[in-house]
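What follows is a short report on a single structure.
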Protein chains: 2
Amino acid sequence: MLSFTEENYIKAIYHLSDAGQLAVSTNDIALHLQTKAATVTDMIKKLANKDLLAYEKYYGVSLSKKGKTTALYIVRKHRLWETFLVKKLGFQWDEVHEVAEQLEHIQSNLLIEKLDAFLGHPETDPHGHPIPDKNGKVKQVKQFSLSQGKNGSKYIVSEVKDGSATFLQYLAKYDLYPGVTIQIKEILPFDGSMIVQLQNKQKITLSKATSENILIKNNE
Amino acid sequence: MLSFTEENYIKAIYHLSDAGQLAVSTNDIALHLQTKAATVTDMIKKLANKDLLAYEKYYGVSLSKKGKTTALYIVRKHRLWETFLVKKLGFQWDEVHEVAEQLEHIQSNLLIEKLDAFLGHPETDPHGHPIPDKNGKVKQVKQFSLSQGKNGSKYIVSEVKDGSATFLQYLAKYDLYPGVTIQIKEILPFDGSMIVQLQNKQKITLSKATSENILIKNNE
DNA sequence: TTATTTTTTTAGATTAATCTAAACTTTTAT
DNA sequence: ATAAAAGTTTAGATTAATCTAAAAAAATAA
Ligand SMILES: [Mn+2]
Ligand SMILES: [Mn+2]
Ligand SMILES: [Mn+2]
Ligand SMILES: [Mn+2]
């Protein structure tokens, strides 16, 4: 059984490696976990001994099969809890992350399977992130940045990239959540901002930076 | 902020001291937490330094006001989570304790207030234990052991003393949960066992040991 | 291709929680 | 009242997670 700390390392490496694809450097991990490189070196040695990752001195780490499975389960727990907090307890979507950071470490398979069922086996969390299933399978959605959308087209918001509370609160003001349909009404060339129409017909202007952080999918 | 370990000590001392009344010995704590007396001595010194308890060398500890408040909040969290697991997730009442032991350490006042509201501000947990309110107030019920009940009388089951999985599973077989009404039909003098009638009119025999571990209240 | 900068690792400490064994204090029994 | 037993504390180690500072390796620049 892994400690909270070990679990946090595995999850950090998973995210930093883009779902276990690339190798991750000591410094990247240290930065992400707000710790020091020397600490990371010690920890990755330990995780390598547990066969959760492959470690090549001076060249970073990459998750093993076992490491990926472990990471996916932690991500599954994190996202199920976030969904619970928003859907059942009435949290705002910008309030859930820190709590889920704690809840993701609770050890009980029964709990997670029952929670999953209670939530109706959701496929995405409140931020549109896919929830790995019981077997660690992640449903991939064909999505792209709103900044790449075409003028006049309708799309469904699928995910938000920036998870900061301020950004989430800003989007919440317009009920701009994953699942809602929007239409691009105008794209302003000089600064890349765009005017989009919301479900309630209201039109709002989104900066380039904002539209880049909203992912959308086609509205078939 | 207290560590999990510190919280577990405070809660253990609270329970062992009968809600903070009596002083508790080093050995009692060690036994309860399945650790060694030397370890306990170290920890209670630390907790004394944090003003959570008063420690007199060789004479045990007693919780301070602050210690009691802390304990009550942990107990509140534990029991709210147990209630959630049974009422919302469909756990059996013998399956919740270990999970609640973990969940009780999650730090988020917002979470607990929302969970409390979601559950409809329950007054007792699945085992009939009172849930301290937001301010740490515990509702006391006038209750006594079923073994003290009078032949012929009807009572409401209010609490179970023994929390072992086997005992809880045994009672579950007869739907003998807090809240159900039972009537004592016969008390057998030679071994103190009794025959009680359940809500569904079924009659079952309970040993003395069993009836001593079921608490009841008057059925006004 | 060397020198400089950046990154990573190692060495040596520190804090929290735990243990065993020995010393000490209190309680109980003779 | 003394001796034995029981309970508690202290002393000294250990493991996990962390840090700073120094050494080493790799990457980059001159
Ligand atoms: Mn999150
Ligand atoms: Mn999320
Ligand atoms: Mn419990
Ligand atoms: Mn309980």
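By convention in this document, chain letters (A, B, ...) are assigned in the order of the sequence lines, proteins followed by strands, and residues within each chain are numbered from 1.
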Please state how far atom [atom1] in [X] lies from atom [atom2] in [N], giving the value in whole angstrom units.
{"X": "Asp42(B)", "N": "dT10(D)", "atom1": "CG", "atom2": "C1'", "result": "9 Å"}
{"X": "Glu6(B)", "N": "dT15(C)", "atom1": "CD", "atom2": "P", "result": "15 Å"}
{"X": "Lys45(A)", "N": "dT8(C)", "atom1": "NZ", "atom2": "C1'", "result": "10 Å"}
{"X": "Glu56(B)", "N": "dT9(D)", "atom1": "CD", "atom2": "C1'", "result": "14 Å"}
{"X": "Asp28(B)", "N": "dG7(D)", "atom1": "CG", "atom2": "C1'", "result": "11 Å"}
{"X": "Leu33(A)", "N": "dC19(D)", "atom1": "CG", "atom2": "P", "result": "11 Å"}
{"X": "Met43(A)", "N": "dT15(D)", "atom1": "CE", "atom2": "C1'", "result": "12 Å"}
{"X": "Leu31(B)", "N": "dG7(D)", "atom1": "CG", "atom2": "P", "result": "10 Å"}

In the structure I gave you, are the side-chain heavy atoms of Leu2(A) and Tyr9(A) within less than 4.5 Å of one another anywhere?
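When only atoms from C-beta onward are counted, Tyr9(A) and Leu2(A) do not touch, as no gap falls below 4.5 Å.
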
Let's see if you can work this out: which of [options] has an atom nearest to the side-chain heavy atoms of [X]?
{"X": "Thr39(B)", "options": "dG7(D), dT9(D), dC19(C)", "result": "dC19(C)"}
{"X": "Asn27(A)", "options": "dT7(C), dC19(D), dT10(D)", "result": "dT7(C)"}
{"X": "Thr26(A)", "options": "dT10(D), dT9(C), dT18(D)", "result": "dT9(C)"}
{"X": "Ser25(A)", "options": "dT9(C), dT8(C), dT18(D)", "result": "dT8(C)"}
{"X": "Tyr59(A)", "options": "dT18(C), dA26(D), dT26(C)", "result": "dA26(D)"}
{"X": "Ala38(A)", "options": "dA11(C), dT10(D), dT26(C)", "result": "dA11(C)"}
{"X": "Lys36(A)", "options": "dT27(C), dC19(D), dT20(C)", "result": "dC19(D)"}
{"X": "Tyr58(A)", "options": "dA26(D), dA11(C), dT18(C)", "result": "dA26(D)"}

So, Tyr14(B) versus Tyr73(B), ring centres under 6.0 angstrom or not?
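So the answer is no for these two rings.
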
Please collect all salt bridge (Lys or Arg N to Asp or Glu O under 4.0 Å) contacts where either partner lies in residues 52-71 of chain A, sequence neighbours excluded, each pair once.
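Checked against salt bridge (Lys or Arg N to Asp or Glu O under 4.0 Å) - neighbours excluded - no pair reaches residues 52-71 of chain A.
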
For the residue pair His97(A) and His78(A), categorise the inter-ring angle as parallel (less than 30°), tilted (30 to 60°) or perpendicular (more than 60°).
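Ring orientation of His97(A) relative to His78(A): tilted.
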
Using a cut-off of strictly less than 4.0 Å, decide whether Thr35(B) has a side-chain nitrogen or oxygen near OP1 or OP2 of dC19(C).
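It does, given that an N or O in the side chain of Thr35(B) lies less than 4.0 Å from OP1 or OP2 of dC19(C).
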
What I want to check is whether the side chains of Asn27(A) and Ser25(A) have a donor and an acceptor closer together than 3.5 Å.
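No donor-acceptor contact under 3.5 Å links the two side chains.
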
Just call it for Tyr55(A): base, sugar-phosphate, or nothing, with non-hydrogen atoms closer than 4.0 Å on any strand.
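It contacts sugar-phosphate atoms only.
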
At under 4.0 Å between heavy atoms, what does Thr5(A) touch on the DNA or RNA strands: base, sugar-phosphate, or nothing?
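Here Thr5(A) touches the backbone only, sparing every base.
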
Would you kindly compare Gln34(A) and Lys57(B) by the position of their nearest DNA chain D nucleotide and give the one closer to the 5′ end?
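With Gln34(A) and Lys57(B) compared, the 5'-side residue is Lys57(B).
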
